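Here, residue 1 is the first one in the sequence, and each next residue gets the next number. Computed from heavy atoms alone, side chains included, the values below leave out hydrogens, waters and symmetry copies. Here the structure is a predicted model, which is why all the values come from computation and not from measurement.
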Amino acid sequence: MTVTPYKKKDGKTYYMLKAYDGVDPKTGKPKYICRRGFKTSKDAHLAYSKIIAQNGIKTSKKLTYQYVYEMWMDEHRTQVKESTLKADITKFELHILPTIGHYLIDKITHKDMQAAVNEWSKSLKRTGKIKTAAGAVFRYAMQHGYIDKNPLELVKVPKKHEEKTFENYLDRDELCTFLATADEILSEKWSTFLHLLAFTGLRRGEALALEWSDIDFDLGTLEVNKNLSKAFEKAVVSSTKTQSSNRTISLGKTILDRLKAYRDVCESNTLVFPNTSGDHITMSQPQRKTAAVCKKAGIKHITPHGLRHTHCCLLFEAGASIAQVQQRLGHSDSKITLEIYNHVTRWKVREAAEIFENYIF
């Protein structure tokens, strides 16, 4: 199949596709299906996919994984945010395409993909995400009749038992030390920023996108309705991560008073946490500030997202219900909430026997 641009009399550029359709049994000559008038190359590729699905066109040229990836990407880029698109393109260009891009997609086997996943796992921590991305192209190929089954379906990601789990959270005492140190070494803006993450469980991007109009000081609430992310080397404000991430959360007196005090001393600006030019702060700065506080405080290293995990766990320990924590953090499923809590409080399982014996005796 080829897609070729051409110009009409009005000077505008359109695209035409030409696809091989086997051999005419009467004449013995090759048959072709041609379509014209597409406004974009993408429209032509989509039309070709539909024709194949409807008519089962035979292909004279075998399709490589990369060729199908490019057709899939034409659709995918219209369905996701810029930040997600950037992350997906990186996965393919750095890992997937160099490994299997040149393979004929209908010749890729389960054995090929297990070998690829095994190789990726040697140098990557999140091999599962690479596998998921690669599988999206195989599913696209199945939908359009290029292959009969997904060779990734039964592939397993090797487990790395020797790796130590990164404990990206703080206990209550560590959090108090962290916040006191932030007050000691950081500006009021940055200290308030880290306090806000700890007291609300906001995502880093949600806090960076926050505007003063999102905070109701009379009602003591904060409206989460947008997110800052990095896409193609620039900061992009978009909708929140998921629909459930749009939420209104209550603010306790401590953080509310702190925000009021900070508002009174900061320069007038729409953003709660602007940079020196009045624009959005870069996504990397919270990471550096958090690392500096951990180092000065002499506690284990966490990321800004670790303050969100900390908020989740301490809420449970304080007696909050699953539904309360789920709504506050903006999780679409309570399973996500429980997975975080179970992951970061495994050590509490060891206390169960002692708690029981203390109660009985």
Counting heavy atoms not belonging to Lys129, are there more than 12 under 6.0 Å from its NZ? no
For Tyr6, does the six-membered ring have the charged nitrogen or CZ of Arg36 within the cation-pi criterion, i.e. under 6.0 angstrom from the centroid and within 45° of the normal? yes
cation_pi(Lys8, Tyr14) dist<6.0 Å, angle<=45:
yes
Would you call the rings of Trp190 and Phe193 parallel, tilted or perpendicular, taking 30° and 60° as the class edges? perpendicular
Closest non-hydrogen atoms of Gln327 and Arg247, given as atom of the first, atom of the second and distance, are O-CD, 3.3 Å
Looking just at side-chain N and O atoms, do Thr221 and Asp216 make a donor-acceptor pair shorter than 3.5 Å?
no
message = Using a strict threshold of under 4.0 Å (side-chain N to carboxylate O), is an ion pair present between Asp214 and Lys226?
response = yes
* For the residue pair Arg258 and Ser191, confirm or rule out a side-chain donor-acceptor distance under 3.5 Å. => yes
Item to complete: State whether the number of non-hydrogen atoms from other residues, nucleotides or ligands found under 6.0 Å of Glu188 atom CD is greater than 12.
Response: yes
Closer than 4.0 angstrom, basic N to acidic O: yes or no for Asp106 and Lys149?
no
Can you tell whether the side chains of Asp43 and Lys39 come within less than 4.0 Å, N to carboxylate O? no
| said: What I want to check is whether the side chains of Thr181 and Glu184 have a donor and an acceptor closer together than 3.5 Å. | reply: no
Q) With distance as the sole criterion, is a donor-acceptor pair present between the side chains of Glu211 and Thr270 under 3.5 Å? A) no
Take atom CG of Asp148 as the centre, draw a 6.0 Å sphere, and report whether it contains more than 12 heavy atoms from other residues, nucleotides or ligands. no
_Less than 4.0 angstrom from a charged side-chain N to a carboxylate O is my criterion; do Glu174 and Lys300 meet it?_
yes
query: For Phe217, is the NZ or CZ atom of Arg263 found under 6.0 angstrom from the centre of its six-membered ring and inside 45 degrees of the ring axis?
result: yes
To the nearest 0.5 Å, atom CG of Asp74 lies from atom OH of Tyr140 at 7.5 Å
